[in-house]
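Counting starts at 1 for both ligands and their atoms, following the listed order.
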Amino acid sequence: MYAILSTPNFHHQAQTLAQKLQLPLHTEKSTDTTFYLYYTENGLNLIATHLNVGPLHLDFNHGVLHQRLQRATISKEPLARAVGLHKNPNLHLCDTTAGIGREGCLLASLGARVTLVERSPIMVALLNDALNRCNAAWRERVILIAADSRNFLATTKEHFDVIYLDPMFEAHSHKAQVKKEMQYLQALMGPQEDADALLTVAINLKPGRIVVKRPLKARCLLDKKPDFCLNLAAYRFDIYLS
Ligand SMILES: C[S@@+](CC[C@H](N)C(=O)[O-])C[C@H]1O[C@@H](n2cnc3c(N)ncnc32)[C@H](O)[C@@H]1O
């Protein structure tokens with residue numbers, strides 16, 4: 001299903017990544033592989049042969065992700081308020097569902113120290129590549145851990161002021177124009193039914209605050225009523241205080 005594609009000038013990097021991820025190395029695309037990771041001059045890319053969208057490439061120095069970080073302020077970003085950055089601009093946060101790192105890096109760019117945890121080795125490879133190329137000052141406040149957050153939180157000695165959860169939302173077929181990034185995440189991860197368990201482990205760690213991103217009408221994780229909610233147009237943040 002997954003493979004690394006060796007491209008003319010990047011054979012060595014492709015070989016190293018194939019060994020690291022224990023994935024086959026192909027020199028051309030084959031029909032039995034759905035996802036290919038490959039290098040270009042820009043860095044690492046992911047292409048899904050069954051999706052009708054271009055490659056996924058993460059870049060914090062240019063483009064959409066960069067612009068979003070450039071524009072962000074604590075007062076304008078609902079997530080920044082949800083995690084309490086307006087009260088403690090240097091807080092230490094664990095983003096337990098790093099994904100493409102958009103939200104975790106946004107919070108780091110606004111001053112937080114952020115531990116990103118991601119369990120998909122493919123996403124970790126893309127994110128690691130983007131962070132290695134990132135030349136922004138906030139980069140030094142970010143650590144990326146390749147792990148299942150349930151295991152990470154159960155064993156970490158770190159103290160986090162805030163734990164953030166953004167589990168995959170269910171894909172709704174009528175929302176055909178889901179953004180490219182989300183299409184890739186949904187195609188890679190499939191349905192995830194362990195978000196309740198992740199909240200349980202987060203609660204056990206007793207951080208100052210836990211923030212969970214949920215679709216507007218979805219039930220609360222663990223059916224646990226939050227201390228308060230921040231409702232936005234398309235989703236809400238459920239906020240639990242210790
Ligand atoms: C909706 S995406 C998160 C998007 C992210 N907030 C962003 O801004 O890019 C969910 C991600 O969480 C990851 N994930 C879900 N459960 C996890 C767990 N228990 N441990 C680590 N990663 C997890 C999935 O692999 C997926 O990449």
Side-chain angles (χ1 to χ4, degrees), residues 1-2 21 35 37 46 48 56-60 63-69 72 77-80 82-83 85 93-110 112 114-131 134 138 142-156 158 160 162-172 175 178-205 210-216 218 221-222 230 232 234-238:
M1 188 176 178
Y2 305 102
L21 299 185
F35 294 98
L37 279 168
L46 175 69
L56 180 64
H57 170 68
L58 306 184
D59 191 348
F60 295 109
V64 191
L65 279 177
H66 173 69
Q67 284 159 16
R68 171 120 198 261
L69 300 193
E77 284 295 339
L79 176 60
V83 302
L85 260 184
L93 176 138
C94 181
D95 179 350
T96 61
T97 50
I100 62 165
R102 187 175 33 199
E103 291 178 316
C105 294
L106 176 87
L107 294 171
S109 77
L110 294 174
V114 177
T115 299
L116 297 171
V117 189
E118 173 57 54
R119 68 179 166 192
S120 156
I122 304 285
M123 288 315 301
V124 169
L126 288 165
L127 199 42
N128 202 22
D129 176 69
L131 289 171
C134 177
W138 55 261
V142 175
I143 293 173
L144 173 61
I145 310 264
D148 188 310
S149 291
R150 290 168 301 170
N151 300 335
F152 172 73
L153 292 180
T155 52
T156 185
E158 292 279 339
F160 294 106
V162 182
I163 298 182
Y164 179 57
L165 286 72
D166 174 17
M168 294 293 298
F169 294 179
E170 255 176 60
H172 294 291
K175 290 194 178 161
V178 189
K179 283 198 184 138
K180 178 167 82 177
E181 292 82 2
M182 207 35 83
Q183 287 195 39
Y184 270 98
L185 285 171
Q186 282 167 351
L188 278 168
M189 317 308 165
Q192 297 190 287
E193 278 147 23
D194 47 16
D196 286 290
L198 182 54
L199 180 58
T200 301
V201 187
I203 291 169
N204 289 344
L205 213 59
I210 299 172
V211 178
V212 185
K213 187 174 178 181
R214 298 293 288 153
L216 272 180
L221 289 187
L222 293 171
L230 195 56
L232 304 171
Y235 54 85
R236 65 172 203 265
F237 293 116
D238 289 349

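- Residue Asp148 places at least one N or O, backbone or side chain, under 3.5 Å from an N or O of ligand 1.
- Not one N or O on the side chain of Thr97 forms a donor-acceptor pair closer than 3.5 Å with the backbone of Leu165.
- Here's the thing with Gly101: one of its N/O atoms is less than 3.5 angstrom from an N/O atom of ligand 1.
- Taking distance alone, with nitrogen or oxygen atoms compared against 3.5 Å, Arg119 approaches ligand 1 more closely than that limit.
- Smallest separation of non-hydrogen atoms from Leu198 and Ser149: CD1-CB, 3.6 Å.
- Among protein heavy atoms, the minimum distance from atom 12 (O) of ligand 1 is reached at Thr97 CB, 3.1 Å.
- When non-hydrogen atoms are compared, ligand 1 lies under 4.0 Å from the side chain of Leu185 (C-beta onward) but not from its backbone.
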Margin query: Pair Phe35, Met1 - check side chain to side chain contact (heavy atoms under 4.5 Å, CB included), show working.
Written below: CA-CA 6 Å; Phe35 294 98; Met1 188 176 178; 3.7 Å; yes
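- For Glu118, a nitrogen or oxygen atom sits less than 3.5 Å from a nitrogen or oxygen atom of ligand 1, counting backbone and side chain alike.
- Under a 4.0 Å heavy-atom criterion, Ala195 is not in contact with ligand 1.
- Under the 3.5 Å distance criterion, the side-chain polar atoms of Tyr2 are left unmatched by any main-chain donor or acceptor of Leu21.
- Listed here is the closest heavy atom pair of Val211 and Ala82: CG2-O, 3.4 Å.
- For Lys213 and Phe237, the positive end is not near the middle of the six-membered ring at less than 6.0 Å and at most 45° from its axis.
- Taking both residues in full, the closest heavy atoms of Phe160 and Leu93 are given as CD2-C, 3.8 Å, listed atom of the first, atom of the second, then distance.
- Checked against a 3.5 angstrom limit, the closest N/O atoms of Ser149 and ligand 1 fall inside it.
- Under 4.0 Å from ligand 1, the heavy atoms of Ala98 that appear belong solely to its backbone.
- Shortest contact from atom 15 (C) of ligand 1 to any protein heavy atom: Gln192 NE2, 3.2 Å.
- Within ligand 1, counting atoms from 1 as listed, the ones closer than 4.0 Å to a heavy atom of Glu103 are 6 (N), 7 (C), 8 (O).
- The closest protein non-hydrogen atom to atom 10 (C) of ligand 1 is Asp166 O, 3.3 Å.
- A salt bridge links Arg119 to Asp194: at least one charged side-chain nitrogen sits closer than 4.0 Å to a carboxylate oxygen.
- Close approach of ligand 1 to Thr96 (heavy-atom distance below 4.0 Å) involves ligand atoms 20 (N), 21 (C), 22 (N), 23 (C).
- Of the possible donor and acceptor atoms, one in the side chain of Ser120 sits under 3.5 Å from a partner among the backbone N and O of Met123.
- Heavy-atom contacts of Ala147 reach the following atoms of ligand 1: 20 (N), 21 (C) (cutoff under 4.0 Å).
- Looking at Met189 against ligand 1, only its side chain comes within 4.0 Å, counting heavy atoms.
- Taking 4.0 Å as the cut-off between side-chain N and carboxylate O, Arg68 and Glu77 count as a salt-bridged pair.
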